[in-house]
Amino acid sequence: MAMIEVRDLTKYFGNVLAVDHVSFSVDKGEIVGFLGPNGAGKTTTMRILTTYISATSGWAKVAGYDVMQQSREVRQNLGYLPEQVPLYPEMRVEEYLHYRARLKQVDRRQRNRRVEYVLERCRIVPVRRRLISSLSRGYRQRVGLADALVHDPPILILDEPTSGLDPGQQQETLNLIRELGQDHTVLLSTHILPEVEEVCQRVIIINQGRIALQDRLSQLQRDSHIVLEVKAPEQEVRRLLQQVEGVRAIQSVPVEDGADGLCAFQIETCDNRDLRLAISERLLRQGWPIRRLDLKRQSLRDLFIQVTAGRASAA
Ligand SMILES: Nc1ncnc2c1ncn2[C@@H]1O[C@H](COP(=O)(O)OP(=O)(O)OP(=O)(O)O)[C@@H](O)[C@H]1O
Ligand SMILES: [Mg+2]
């Protein structure tokens, strides 16, 4: 069941096209990474989904409610961690969370319990009586996450939840997101790709306002190629590789350190078959020494650069 559904969403700021006919959906229980270069339209899309700004055209539903027509229901069903967490610096942490819970119409009798729960869950019990202005960035980020959770929403929209955190806090936040993913639907944006590989089941890459790619992570990482470096005449190697059953494409690439007499190839195979043995047997039969024969999986970083390359978004 789709908890977030976006169709042909388009947003102009004046004549800047920030989001351009974007369509995607996020199913119940999924953790989806929303990626893209700076200025791609991630925050804008998230702000439309969370009802903070309206779209120019297209529509979006959150928990089945229309973001334009039913903004109250949408807000009840989602927790939002914005890119810049708007906190009241002169409030104490627990006072702020109580205030936010009241604003979000958490039942008076539930409020204490919910605030205690999110203080624990976001590991901010030790700073509960501190003024928000005195907190480090990482702790402020956690208070922002506690705020997103305080009304117990089934859907979380997190805009760069780990940006600016130290590696330890980053990992802690990731663990928390993974935990939350067990009973929440999560859409999160980040520039830290290993994070996505760690917690997300699916990725959506947006570039210049348009979806450049969306797929399950397992599917994306399925793609692999073989890297070969061999000491032999290039054309002859190429001819021989073409005869190996299952080879789909052969591309010459530069030899890593430019060593003399070597030639290097990137080999794609049908169904990503691992043909290293077949290839090495053929080459050895010719007596050609092999320096390198690797199977390389497609990394999210390579994929990201591929689908966004040369089309960097304007700031
Ligand atoms: N309020 C605004 N007024 C005018 N233009 C805006 C406004 N907000 C965003 N934009 C423009 O819309 C485009 C998309 O911006 P957005 O903030 O959605 O990108 P992003 O993907 O979140 O980038 P980042 O990774 O840097 O956070 C950019 O060109 C940006 O300059
Ligand atoms: Mg952004």
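Order of appearance sets the numbers: ligands from 1, and atoms from 1 within every ligand.
- Defined by atom type and a distance below 3.5 Å, a donor-acceptor pair is present between the side-chain atoms of N175 and Q171.
- Which parts of ligand 1 touch T43 is read off a 4.0 Å heavy-atom cut-off, strictly below it: atoms 17 (O), 18 (O), 20 (P), 22 (O), 27 (O).
- At least one N/O-N/O distance between G41 and ligand 1 falls below 3.5 Å.
- Against a heavy-atom cut-off of under 4.0 Å, E160 is close to the following atoms of ligand 1: 25 (O), 27 (O).
- In this structure a side-chain-to-backbone donor-acceptor pair under 3.5 Å is present from R142 to R123.
- The distance from ligand 1 to the heavy atoms of T44 drops below 4.0 Å at these ligand atoms: 9 (C), 14 (C), 15 (O), 16 (P), 18 (O).
- Protein atoms that are N, O or S and lie under 2.8 Å from the Mg ion (ligand 2) are these: T43 OG1, E83 OE2.
- Using modelled atom types, one finds a donor on one side chain and an acceptor on the other under 3.5 Å when comparing E234 with S252.
- With S189, G209, G39 as candidates, the residue nearest to atom 28 (C) of ligand 1 on a non-hydrogen basis is G39.
- Side chain to side chain, E195 and T162 meet the donor-acceptor criterion of an N or O pair below 3.5 Å.
- Taking 4.0 Å as the cut-off, H191 counts as a neighbour of ligand 1 on heavy-atom distance.
- If you take CZ on R291 and CD on E256, they are separated by 7.0 Å, rounding to the nearest 0.5 Å.
- Stacking of R75 on the aromatic ring of Y52 is recorded, both the 6.0 Å distance cut-off and the 45° axial limit being met.
- In terms of polar-atom proximity, F13 is not counted as a contact of ligand 1, lacking any N or O under 3.5 Å from an N or O of the ligand.
- If you check the side chains of E5 and S25, you find no donor sitting under 3.5 Å from an acceptor.
- Checked by distance only, ligand 1 and E83 come closer than 3.5 Å through their nitrogen or oxygen atoms.
- When side chains are defined from C-beta on, L180 counts as touching L149, because their heavy atoms get closer than 4.5 Å.
- For the residue pair E160 / Q141, no side-chain donor-acceptor distance below 3.5 Å is found, with atom types taken as modelled.
- Here atom 21 (O) of ligand 1 lies nearest to K42 when heavy atoms of Q208, K11, K42 are compared.
- There is a side-chain donor-acceptor pair under 3.5 Å between Q110 and R113.
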